[in-house]
Amino acid sequence: MGSLIHAKEQMSSTVINTVPKMNLLKISEEHYQNDEKSLSSPVIDPILRIVKISEEDKQTVALVHNAPIVSSYNDRIRPLLDTIDRLRHLKIMQEGIQLPTIVVVGDQSSGKSSVLESLAGISLPRGQGICTRVPPIMRLQNHSNSKPDLSLEFNGKIVPTDEENIADAISLATEEIAGKGKGISNCLLTLVVKKKGVPDLTMVDLPGITRVPVHGQPEDIYEQISKIIMEFITPEESIILNVLSASVDFSTCESIRMSQRVDKTGQRTLAVVTKADKSPEGLLEKVTADDVNIGLGYVCVRNRIGDESYEEARAEEARLFETHPHLSKMNKSIVGIPVLAERLVKIQATIIVKCLPDIVRKINDKLSVNLEELNKMPKHLTSIAEAMTTFMHILGFAKESLRKILLQGEFDEYQDVQAMHGTARLAEMLNKYSEELQSEKLVENGSKENFLLDEIKILEETKSIGLPNFLPKAAFHTLLQKKVKAISMKPFDFVEKIWSYVENVVISVLLKHSDNYPQLLSCTRRAAHNLITKKKQQSFDWVNDMVEMEKLTDYTCNPDYMASWNKLMSRQEEFMKAVSSTYSPSIINIDGFGDINVDHLYNLKGDVQEAFDVKMRMTAYWDIVLRRMVDNMALHLLFSIQNLVNKEMQTEIINELIGPQGNGLERMLEESPSISDKRNKLKKSIKLLKESKDVVANIMDRVVTNFD
């Protein structure tokens, strides 16, 4: 009777110590069932066989069993798990939405598979090397039917199996997913275990960590395993179930090092210490000291040995922690598979309830983004009429953009792209062109050593029989032609730069608005290039005419010419005195020319006076010519660009697309592979997110009601 009382006290203590100190799951004794059916499971049955107990004692033991495993949380936990499992089945994680998951990690041969076998009550594949080559999701579900219902889900199919053949079925599925040999894969394999008495849990069993590849494994097996493990344990939604062997120094375990990298505080890590019967000495001190910072605590268990049944293994585990001189000193709230099951169920419920609102928000946000992106995609065209309508819309939008950029000085579509601020860039280029023309005048005026010698020489060569004191018109024309020829290439260079810039802008705008229809890109680019080439040639022809006119004619009605000439000629008398007198200063300052030494003009009095007159006339007229070349160029280009945008571009592109040689509208009906793939991907994602939204919508009200 003493042992009975002691067992009862220990079991009662377990219940008291393991009931969560939180309001998340409210457990009351009214949930516990005391009938004989509730006392049957792989976990509780061996405990009942330890001693002969009364019906009252059975109720105490049943309380221990049913609380964490099959009764008290069933109605609340199962809907939560079903929701998460449904989301995982929908592959919501492919959308970047992480799900709360218990992830099982451990070094090779740490006893991971034994722990999972004890929780599920089934045998898993075993052997040398890696026991888990494909990360299986183990979905455990308490089942009312006494007959177990087992199945595997992978590669889009469901394969029924049974307890006797589960190990072989997993091995075959693993080979199908990861291939033969001992390589690993991060494709998931779901093992569904519906069995009476198992805890409602969903866990991912990751490959055991090994550094030395065995026969058939790749040389980088450690790197492959590490990558998979880090991928699963990094998300904040993951609970890390770290399986440690009692016989090793916890701080040297690779699985501890990995979990500490992503969970430094240990707040989402629970440690399971296996093989407690193999190294019982000092185990209590190791878990109490917690040198590796396990925030969710430890649970020590005994592994099933050899051909032990699960009932026998649990009975031996209960006897071990009850009678062993070292292990019996441990608090019963941290030992045994039943305690582990309870802890996992509670932790799982906590993390699911915590994460669900965020999952709902992420689903809604992702759905909104995808719907918006799908709506922005080009319409899939199915007829020539639709293609024509779409094409005209594209042209309209492109024309409006070009009108803003090149004519109106608006750049709201290209705020941060200065090259697309068209009117500003055109003004810059025109100003630079004007400065280059003016710089030529400054260079010529700055040549003081040979002042008037060119004019004197030309006057001599253009003399004819006639009245004296008449300036030969040929002299002025000869000087004018020489000056125009010196700058004649600058307008052509300017036209080349302007139209090259306009071509880049036009093509950029057209490509932007045609981006959704790659079939249009080549013909619109070709049409734009052809049109700009024509416009450029027209401008070259116009510049050529302008230059020729300036060479052959000398006319202006601009009053600035006479005003400037009179001002310059007002210095002629002073200049001639300086030239003719040895007593006058040999240096004289003339506006626009600066200080001029006139010593080289001595004894050339008559020719000098005429040359000075010609020089001043040309200087006054040349200012008019240069300004005229800038003004006319600006007017010509503005007019040409305006015609390009408002009239010619649309006509050119239409002719290119649907003219005699064009079949662009037909090509628009052929959606490009990239656009088609993107559309299908978005539709598939939206379908998945909508289904996921429906799944979580049904559970949220129950969460608020049952877990408030």
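Bear in mind the structure is a predicted one, so any value in this text is a computation, not a measurement.
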### Check ion pair Glu176-Lys157 (N to O, under 4.0 angstrom)
yes
### Message
Quiz question: by atom type and distance under 3.5 Å, do the side chains of Arg88 and Thr101 form a donor-acceptor pair?
### Response
yes
### Message
Set out, in order, the CA-CA distance, both residues' side-chain angles and the distance that settles side-chain contact (heavy atoms from CB on, under 4.5 Å) for Leu150 and Lys194, then state yes or no.
### Response
CA-CA 6 Å; Leu150 310 180; Lys194 297 179 181 179; over 6 Å; no
### Message
Any heavy-atom pair between the side chains of Val198 and Gln141 that's under 4.5 Å?
### Response
no
### Message
Which heavy atom of Leu189 sits nearest to which heavy atom of Ala173, and what is that distance?
### Response
CD1-CB, 3.9 Å
### Smallest separation among heavy atoms of Cys300 and Phe321, with atom names
O-CZ, 3.5 Å
### Task
Output the distance between atom CG (Asn370) and atom NZ (Lys687), rounded to the nearest 0.5 Å.
14.5 Å
#### Entry: Salt bridge present between Asp82 and Arg86 (N-O < 4.0 angstrom)
no
### Query
Does the side chain of Leu244 reach to within under 4.5 Å of the side chain of Val272, using non-hydrogen atoms?
no
#### Entry: Residue pair Thr161 / Ala169: nearest heavy atoms and the distance that separates them
OG1-CB, 3.7 Å
### Task
Could you tell me whether Glu312 and Arg302 have a side-chain N and a carboxylate O separated by less than 4.0 Å?
no
#### Entry: Salt-bridge contact Asp358-Lys362 (side-chain N to carboxylate O under 4.0 Å)
yes
### Side chain to side chain, Val204 and Ile102, heavy atoms closer than 4.5 Å
no
### Message
With heavy-atom distances below 4.5 Å as the criterion, would you say the side chains of Ile177 and Asn155 are in contact?
### Response
yes
### Query
Is the side chain of Glu691 donor-acceptor paired with the backbone N or O of Leu90 at a distance under 3.5 Å, no angle test?
no
### Query
So, are Glu322 and Lys332 salt-bridged, with charged N and O less than 4.0 Å apart?
no
### Query
So, does Ser259 use its side chain to make a donor-acceptor pair with the main chain of Ile256 at under 3.5 Å?
yes
### Query
Would you say the side-chain atoms of Glu316 pair up with the backbone N or O of Glu308, donor to acceptor, closer than 3.5 Å?
no
### Message
Given 3.5 Å as the limit, does a donor-acceptor pair link the side chain of Asp205 with the main chain of Pro136, or not?
### Response
no
### Query
Looking at CD1 of Ile239 and CE of Met203, how far apart are the two atoms once the value is rounded to the nearest 0.5 Å?
13.5 Å
### Task
State whether Lys227 and Glu223 are salt-bridged, where the test is any N-O pair (Lys NZ or Arg NE/NH1/NH2 against Asp/Glu carboxylate O) under 4.0 Å.
no
### Message
Evaluate Leu284 against Leu327 for side-chain contact (heavy atoms from CB on, under 4.5 Å), listing each step before the verdict.
### Response
CA-CA 7 Å; Leu284 176 59; Leu327 300 179; over 6 Å; no
### Which atom of Ile225 lies closest to which atom of Gly208, heavy atoms considered
CD1-O, 3.4 Å
### Exercise: do Asn165 and Asp162 side chains pair donor with acceptor under 3.5 Å
yes
### Message
Is any side-chain heavy atom of Met93 closer than 4.5 Å to one of Leu99?
### Response
yes
### Query
Among side-chain atoms of Thr269 and Asn242, is any donor-acceptor pair under 3.5 angstrom?
no
#### Entry: Heavy-atom closest contact (Ile209 atom, Tyr222 atom, distance)
CG2-CE1, 3.9 Å
### Task
If a pair satisfies side-chain hydrogen bond (donor to acceptor under 3.5 Å, both in side chains) and one of its residues is in residues 284-300, list it, with sequence neighbours excluded.
Asp290-Tyr298
### Message
Tell me if a side-chain donor or acceptor on Ser110 pairs with a main-chain N or O of Gly106 at a distance below 3.5 Å.
### Response
no
### Message
Run Leu116 and Val104 through side-chain contact (heavy atoms from CB on, under 4.5 Å) and show every step you take.
### Response
CA-CA 9 Å; Leu116 295 175; Val104 187; 4.1 Å; yes
### Task
Can you see which heavy atom on Arg268 is nearest to which on Pro235, and at what distance?
NH1-O, 3.1 Å
### Message
Show, in sequence, the C-alpha distance, side-chain angles and deciding distance for Arg139 and Glu153, and conclude whether the salt bridge (Lys or Arg N to Asp or Glu O under 4.0 Å) test is met.
### Response
CA-CA 11 Å; Arg139 190 187 308 161; Glu153 298 177 2; 3.6 Å; yes
### Asp200 side chain to Val345 backbone, donor-acceptor under 3.5 Å
no
### Message
Under a 3.5 Å distance rule, please check whether Asn303 uses its side chain to pair with a backbone N or O of Thr274 as donor and acceptor.
### Response
no
### Task
Please check if the side chain of Lys195 supplies one atom and the backbone of Gly121 the other of a donor-acceptor pair under 3.5 Å.
yes
### Query
Would you say the side chain of Thr202 lies within less than 4.5 Å of the side chain of Leu140, judging by non-hydrogen atoms?
no
### Query
Does Gln260 reach the main-chain N or O of Val292 with its side chain, forming a donor-acceptor pair under 3.5 Å?
yes
### Query
So how far is it from Ser685 OG to Leu371 CG, rounded to the nearest 0.5 Å?
9.0 Å
### Task
Please report the C-alpha distance between Val335 and Val299 in whole Å, then the side-chain angles of each, then the deciding distance to 0.1 Å, and finally whether the side-chain contact (heavy atoms from CB on, under 4.5 Å) criterion is met.
CA-CA 5 Å; Val335 298; Val299 177; 5.9 Å; no
### Task
Decide whether Arg314 and Ser118 meet the rule of one side-chain donor and one side-chain acceptor closer than 3.5 Å.
yes
#### Entry: Asp694/Lys690 under salt bridge (Lys or Arg N to Asp or Glu O under 4.0 Å): CA gap, chis, key distance, verdict
CA-CA 6 Å; Asp694 292 339; Lys690 284 182 176 179; over 6 Å; no
### Message
Can you tell me how far apart NZ (Lys91) and NZ (Lys684) are? Round to the nearest 0.5 Å.
### Response
9.5 Å
### Query
Atom CD in Gln108, atom CD in Glu254: separation rounded to 0.5 Å?
13.0 Å
### Test item: Val192 and Asp85 side chains (from C-beta on) under 4.5 Å apart, heavy atoms
no
### Message
For the CD1 atom of Ile305 and the CD atom of Glu317, what is their distance to the nearest 0.5 Å?
### Response
11.0 Å
### Task
State, with a plain yes or no, whether a side-chain heavy atom of Leu119 is found less than 4.5 Å away from one of Leu344.
yes
